[in-house]
Amino acid sequence: MSITAFSNGPIFTSEGFVRDAALLAEGDHISAIVGADDARARSAANVVDLRGRLLLPGFIDVQVNGGGGVLFNDLPTIEGIRTIARAHARFGTTGFLPTLISDDLAVVATAIAAVDAAIAAGVPGVLGIHIEGPYLNERRKGVHNAAHFLELGREAVALLSSLRRGITLVTLAPELSKPEALDQLCAAGVILSAGHTNATATEIETARRHGLRGFTHLFNAMSQLTPREPGAVGAALAEDESYCGMIVDGHHVDPRVLMVALRARRRDRFMLVTDAMPPVGTDARSFQLQGRTISVAEGVCVDEQGTLAGTALDMGLAVRNAIAMLGLPASDALRMASEYPARFLGLATSHGRLAPGCRADLLIADEAYNVQQTWIGGRRIDA
């Protein structure tokens with residue numbers, strides 16, 4: 001099996017940037033990180049000259065509703081997923097969960113089957129599925145269509161745990177979910193995240209005892225922190241184990257609020273997410289969402305009433321925003337886009353890091369973290 005050597009630029013590892021080194025990729029995995037003058041680097045069949053640019057781990061996005069002009073709900077097929085994957089790969093995303101917002105259960109079943117087929121077909125970057133609804137609270141519905149909402153009971157477990165390949169993440173309102181159903185989903189390997197929820201802090205804590213592991217787009221569409229009722233936000237900030245997704249676009253959450261959250265709990269439990277919609281990778285100024293016209297301006301997506309409807313954000317911009325808006329060190333922003341979401345998904349040993357044994361999912365960026373090349377499984381992806 002031929003070796004590809006990436007050299008002549010800083011390489012971002014779990015210890016930070018290393019210089020005078022080369023990364024060796026053999027097949028779809030990283031085989032070693034060696035000194036730049038190592039014979040294996042000099043004799044590699046393929047040499048990628050970084051020319052001083054940065055070699056970074058590929059980004060992992062657990063919330064991708066669409067891209068490339070496609071909304072996953074509208075085109076839950078292999079080709080729809082392939083188009084979304086290609087659009088986000090341009091901006092450094094090498095692993096993602098196609099995300100289905102609340103819809104009929106027949107659409108949920110079709111989407112699960114499509115993701116399973118896409119993984120079987122080897123569509124680059126597909127790690128599983130994120131089912132965001134329909135088990136949500138109408139009081140925190142956001143742009144979701146409440147006509148689709150259901151309570152989570154035992155009858156839903158078989159459907160939500162039916163993906164044969166890859167990871168299943170389900171966003172739900174814990175206060176409307178029976179604890180035994182949460183137990184059954186966790187036992188089936190489904191990752192549970194609280195979102196579009198009006199839960200009290202006590203209800204969140206109860207759900208955590210039944211397997212809840214995350215919070216979907218922290219602060220947005222959830223009960224807020226108040227003096228006498230901490231709500232979902234307070235429950236999230238009061239403990240250190242659950243993972244919190246954050247949309248850093250300057251519109252969904254004031255950057256100062258996100259800075260407070262980052263000071264309140266351990267940083268390695270935060271993940272950057274895009275909540276991306278079809279405009280990513282296009283010049284579209286509007287799109288259709290379940291019969292409603294969504295307008296796009298300066299990366300903001302809103303419906304006719306001004307309700308936020310996802311974003312036109314890509315992961316490369318999310319990283320740059322985290323550095324510029326939140327004052328994060330680049331190392332923290334990069335890990336929040338790669339290593340930490342990999343841990344959340346249970347992929348810490350195979351994804352999210354540039355280390356021997358991990359997949360060769362990586363990207364080349366300039367010093368301002370603008371993505372210039374994306375590689376998935378040791379192969380360059382041409383957008």
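The basis for the numbers below is simple: all heavy atoms, side chains too, and nothing from hydrogens, waters or symmetry mates.
- Side-chain atoms of D103 and Q290, non-hydrogen and from C-beta on, do get closer than 4.5 Å to each other.
- A salt bridge links R266 with E241: at least one charged nitrogen is closer than 4.0 Å to a carboxylate oxygen.
- A donor atom on one side chain and an acceptor atom on the other are not found under 3.5 Å apart for D249 and T311.
- For the atom pair CD of E132 and CG of D275, the computed distance is 6.0 Å after rounding to the nearest 0.5 Å.
- Using a cut-off of 4.0 Å between Lys/Arg side-chain N and Asp/Glu carboxylate O, R165 and D116 are scored as salt-bridged.
- Between the side chain of Q305 and the main chain of T307, no donor-acceptor pair closer than 3.5 Å is present.
- Salt bridge present: R343 and E339 bring a charged side-chain N and a carboxylate O closer than 4.0 Å.
- In this pair, W375 and F6 present their aromatic rings perpendicular. The plane angle is above 60°, beyond the 30 to 60° band.
- Placement of V108 and I101 in two distinct hydrophobic clusters is found when ILVMFWY residues are connected by side-chain heavy-atom separations under 4.5 Å, directly or transitively.
- Residue pairs meeting the ring pair (Phe, Tyr, Trp, His ring centres under 6.0 Å) criterion with at least one partner in residues 140-187, sequence neighbours excluded, are H144-H196.
- For the pair Q224 (side chain) and F219 (backbone), a donor-acceptor distance under 3.5 Å is present.
- Rounded to the nearest 0.5 Å, atoms CG (D20) and OG (S7) are 11.0 Å apart.
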